[in-house]
Amino acid sequence: MQIKNLMSEDIITIDKDQNLSDALKLLRKHNVSRLPVTNNKQLVGIISERDIANKLGSSKYESMPASRLHISSVMVKDVITVPQTMQLDEVAKIMLDKGIGSVPVMDEDKMVGIVSKADFVTLAVGIAFDKITVKEIMSKDLTVVSPTERIVHARRQMLESNVGRLPVVDDDTLVGMITSKDLMRAFIDFRKKVPEKYQKSQIKELLVEDIMSINPTFVSKDMSITEVSNIIMKTGFNGLPVVENDVVVGIITQTDILRLIEKLES
């Protein structure tokens, strides 16, 4: 199958000279996690929730309001694109090798669509995926945080592990989840509520438990990939913790499912 048969043609873009506040509004309005960036209608970059969370949490920009940060200073400039005629498994391999969540799809020099890991998850249902269980593809090498750790530490853990979400664990028991989106919103709200002269000291007082999602959805290691894919599509979550006897034993993400699809397709 060619990627043009899977991509989304409804492309939400943002101009490089707009500010982060504009990006946040678009991300929220359209319920997407990344935006292609354009200049005179030409693709020049891409920006994601993770990019925003990383930038706003850095010491260089820690006190700067989102309205003063231009998209061009946050976006990823070296955009990887694919032609619309490329095969699914080839696109999946590029996304896995480069560690990216989406790629713009091109027809010569024109952007005609975008495909994300979420689009690939829609393929992971049916007989073939009924026979594969979570434990066969889940990630067992877990990075977790405790509810009493600072959100600046959680941000650093995400950066070092190159992940967009962390299970929150207390005495080996799952008590929540924290994502790049949670961090992004927390940093934005913090800037709005706290005067600039107090931000550097008070940001360290924000804890994971202040912004994490409680009662997180989780799956068991014996569930089928079809079941997990349906949960991901229904909830919009990028990943789900795997729990056995109240203990987190792994996590299954869109990346794990993408890797499976790439293997099966190739």
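Using a distance-only test at 3.5 Å, with no hydrogens or angles considered, no donor-acceptor pair links the side chain of N245 to the main chain of V247. Using a distance-only test at 3.5 Å, with no hydrogens or angles considered, no donor-acceptor pair links the side chain of Q42 to the main chain of N39. E90 places a side-chain N or O within donor-acceptor distance of the main-chain N or O of Q87, the cut-off being under 3.5 Å. Judged purely by atom type and a 3.5 angstrom limit, D210 uses its side chain to pair as donor or acceptor with the backbone of L207. Checked by atom type and distance alone, the side chain of D171 never pairs as donor or acceptor with a backbone atom of T173 at under 3.5 Å. Formation of a donor-acceptor pair under 3.5 Å by the D97 side chain with backbone atoms of I94 is not found in this model. In this structure, K221 contributes its side chain and G250 its backbone to no donor-acceptor pair below 3.5 Å. Proximity of a side-chain donor or acceptor of T235 to a complementary backbone N or O of F237 within less than 3.5 Å is detected. Side chain of S213 to backbone of P216: no donor-acceptor contact under 3.5 angstrom is found.
The OG atom of S146 sits 7.5 Å away from the NE2 atom of H153 when rounded to the nearest 0.5 Å. A distance of 12.5 Å separates CD1 of I11 from NE2 of H30, quoted to the nearest 0.5 Å. Separating the CD1 atom in I178 from the CE atom in M212 is a distance of 9.0 Å, to the nearest 0.5 Å. Taken to the nearest 0.5 Å, the CD1 atom of I71 stands 4.0 Å off from the CD1 atom of I47. F190 CZ to L183 CG: the interatomic distance, rounded to the nearest 0.5 Å, is 13.5 Å. Taking CE of M7 as the reference point, atom CD of Q2 lies at 10.5 Å (rounded to 0.5 Å).
Across all their heavy atoms, G45 and M75 have their closest contact at CA-SD, 4.0 Å. Shown here for I257 and A124, the closest heavy-atom pair between the two residues is CG2-CB, 3.6 Å. For the residue pair S116 and R34, the shortest heavy atom distance occurs at CB-NH1, 4.4 Å. Of all the heavy atoms in D89 and E265, the pair that sits closest is CB-CB, 3.6 Å. When every heavy atom of Q84 is checked against every heavy atom of V105, the shortest pair comes out as CA-CG1, 3.4 Å. For M111 against P104, the heavy-atom pair with the smallest separation is SD-CB, 3.8 Å.
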In sequence, state the C-alpha distance, the side-chain angles, and the governing distance for S8 and D119, and then conclude on side-chain hydrogen bond (donor to acceptor under 3.5 Å, both in side chains).
-> CA-CA 8 Å; S8 171; D119 295 315; 5.9 Å; no
L166 and M158: side chain to side chain contact (heavy atoms under 4.5 Å, CB included), yes or no, with the steps?
-> CA-CA 7 Å; L166 298 172; M158 288 187 192; 3.9 Å; yes
Evaluate the side-chain hydrogen bond (donor to acceptor under 3.5 Å, both in side chains) criterion for residues D130 and T226: first the C-alpha distance (whole Å), next the side-chain angles of each, then the deciding distance (0.1 Å), finally the verdict.
-> CA-CA 5 Å; D130 288 340; T226 292; 2.7 Å; yes
Please walk me through it: do V37 and V79 pass side chain to side chain contact (heavy atoms under 4.5 Å, CB included)?
-> CA-CA 10 Å; V37 183; V79 190; over 6 Å; no
Run the side chain to side chain contact (heavy atoms under 4.5 Å, CB included) check on T122 and M233 step by step: do they pass?
-> CA-CA 7 Å; T122 64; M233 285 186 282; 3.6 Å; yes
Applying side chain to side chain contact (heavy atoms under 4.5 Å, CB included), run through R50 and N162 and close with a yes or a no.
-> CA-CA 10 Å; R50 194 187 299 192; N162 193 30; 3.1 Å; yes
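For the pair R191 and L56, the minimum side-chain heavy-atom distance is below 4.5 Å. Between K77 and V44, every side-chain heavy-atom pair lies at or beyond the 4.5 Å cut-off. No side-chain heavy atom of S33 sits under 4.5 Å from any side-chain heavy atom of K181. Residues R156 and L159 are not in side-chain contact: their nearest non-hydrogen atoms beyond the backbone lie 4.5 Å or more apart. Within the 4.5 Å cutoff, side-chain heavy atoms of I252 are placed close to those of I225. Side-chain contact between V219 and M138 is absent, with no heavy atoms from C-beta onward closer than 4.5 Å. Using a 4.5 Å heavy-atom cutoff, the side chains of F187 and N54 are not in contact.
Of the candidates L258, L6, L96, V115, V91 forms a side-chain contact (heavy atoms from CB on, under 4.5 Å) with just one, namely V115.
Side-chain heavy atoms closer than 4.5 Å link hydrophobic residues (I, L, V, M, F, W, Y) into clusters, and following such links, even through other members, never connects V168 to V249.
Checked by atom type, the side-chain pair D182/T179 shows a donor-acceptor distance below 3.5 Å.
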